[in-house]
Amino acid sequence: MTDETDKPDISGTTPRRRSKPDILEIGGRPLKPSTLMMGHGFDPMLSEGSLKPPIFLTSTFVFESAAAGKRHFEGVTGKRPGGAEGLVYSRFNGPNQEIAEDRLGVWENAEEALTFSSGMSAIATVLLTFVKPGDVIVHSAPLYAATETLIGRILGKFGVSWVDFPAGATPDEIDAVVDKAKAMGRVAMIYLESPANPTNVLVDVEAVSTVRDTHFGTGEDRPPIVIDNTFLGPLWHHPLKHGADIVVYSLTKYAGGHSDLVAGGALGTKAHMTMVRAMRNTIGTILDPHSAWMLVRSLETLELRMERAGQNAEKICTWLRDQPKVEKVVYLGFPETERQADIYRRHCHGAGSTFSLYLKGGEKEAFAFLDALRIAKLAVSLGGTETLASHPAAMTHLSVPDERKKALAISDNMVRISIGVEDADDLIADFEQALAAI
Ligand SMILES: *Cc1c(COP(=O)(O)O)cnc(C)c1O
């Protein structure tokens, strides 16, 4: 008779792809994320010694026994708290997705992370988890255009309303907006995006958290604070430390980092993620195994890429702002007000590598500059290894009404730039010749 303990462990919370515990510290020294990215969450010995995780292209997983299958389904359906203990069906979980999730969570010390088929599907799944008809969403403004459409037009069809405050709002302004929201219905969520795109204005997450606690205490109907951390995370901004409950990502950007995949993420406490996971299980917004594998590959170089891009951006912005054809450079490293400088000091570890360049002139000058670029590519998106430049007024924000464009300073002379990991002086040479072409 074999002893119970000889059998593979399928009853605990440890997934079966780990035969031994991860090494998380050495001699009392907790290992850094950049080290953990090389092995955390994957045991090669469970996959023929393969150094890199194989891509598990399967739609379903074989159970050890009928009892194990029952136990897994109890976890998946929420009959027993704690989620699935093993792999069940690829709409719920998979080895590649779980490795990506374990590693993603490390950067922000999140209890749990989930991956999604895109940034928007992550955001949609989180919203559907917490919002019901009659509810109100309080949000910072502006938001990523598709997020505004989702909250305003799509959830609006289901009787959800919203009220917003400008990204840079003071605690008193945020407080007044929450008051207004409470008069409209149950406040289901406070949704933030920082820095706002393309204005680069930071949200005071700590202030939002204090206002939320003043209004809702620790009661049952305390709305979660959700924040889109795509622009600065996971390296330069850790909003879970400043009072946010859930961080959402377009992993298509810095985390994927090579402009070759589309993915999304959500990170937070186990309690919140259990609810989000149940919605993901139901609607099937999980990331596919191949993209999850590519994401794991990308996370190995995340710190290298982001640090290099950040250093490049600092050097380039410092050069750009002194050029005679440049009106101004809106970059987090050059805060425009004392309040923004204060939020930056309290919340950020770096200024990122995406900024707005205002040229002297209008659309004609901006287009001449963009068309003359030889290294930087003319494309929307950000956070890739290559430098990209675009024209928000004529591209990403084309359909924004003129008045709102004006309020957001999305003018015809504005160019949006995401700096990559090329040589900084080569990029400066490119920008210099493009400025000369105006
Ligand atoms: C790109 C982006 C999204 C949407 O992500 P997808 O991966 O394209 O779905 C959401 N928020 C921000 C801030 C983004 O830049």
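Remember, it's 1-based here, ligands and their atoms both numbered in the order they're listed.
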Which protein N or O atoms sit under 3.5 Å from any N or O of ligand 1? Give atom names and distances.
unit_1   : atom_1 : unit_2 : atom_2 : d
ligand 1 : 5 (O)  : S250   : OG     : 3.0
ligand 1 : 7 (O)  : G119   : N      : 2.9
ligand 1 : 7 (O)  : S250   : OG     : 2.8
ligand 1 : 7 (O)  : T252   : OG1    : 2.6
ligand 1 : 9 (O)  : G119   : N      : 3.0
ligand 1 : 9 (O)  : M120   : N      : 2.9
ligand 1 : 11 (N) : D228   : OD2    : 2.6
ligand 1 : 15 (O) : K253   : NZ     : 2.7

What I want to find out is whether R153 reaches E148 closely enough, with some N-O distance under 4.0 Å, to be called a salt bridge. no
Residues forming a salt bridge (Lys or Arg N to Asp or Glu O under 4.0 Å) with R416, sequence neighbours excluded: none
For the aromatic rings, using the six-membered ring if either is Trp, is the centroid distance between Y344 and W236 under 6.0 Å? no
Mind checking salt bridge (Lys or Arg N to Asp or Glu O under 4.0 Å) for E338 and listing every partner two or more places apart, or none if nothing turns up? R345
Under the rule for salt bridge (Lys or Arg N to Asp or Glu O under 4.0 Å), what residues qualify as partners of E432, not counting sequence neighbours? none
Reported OH-to-CD1 distance for the pair Y331 and I417, which is rounded to 0.5 angstrom: 13.0 Å
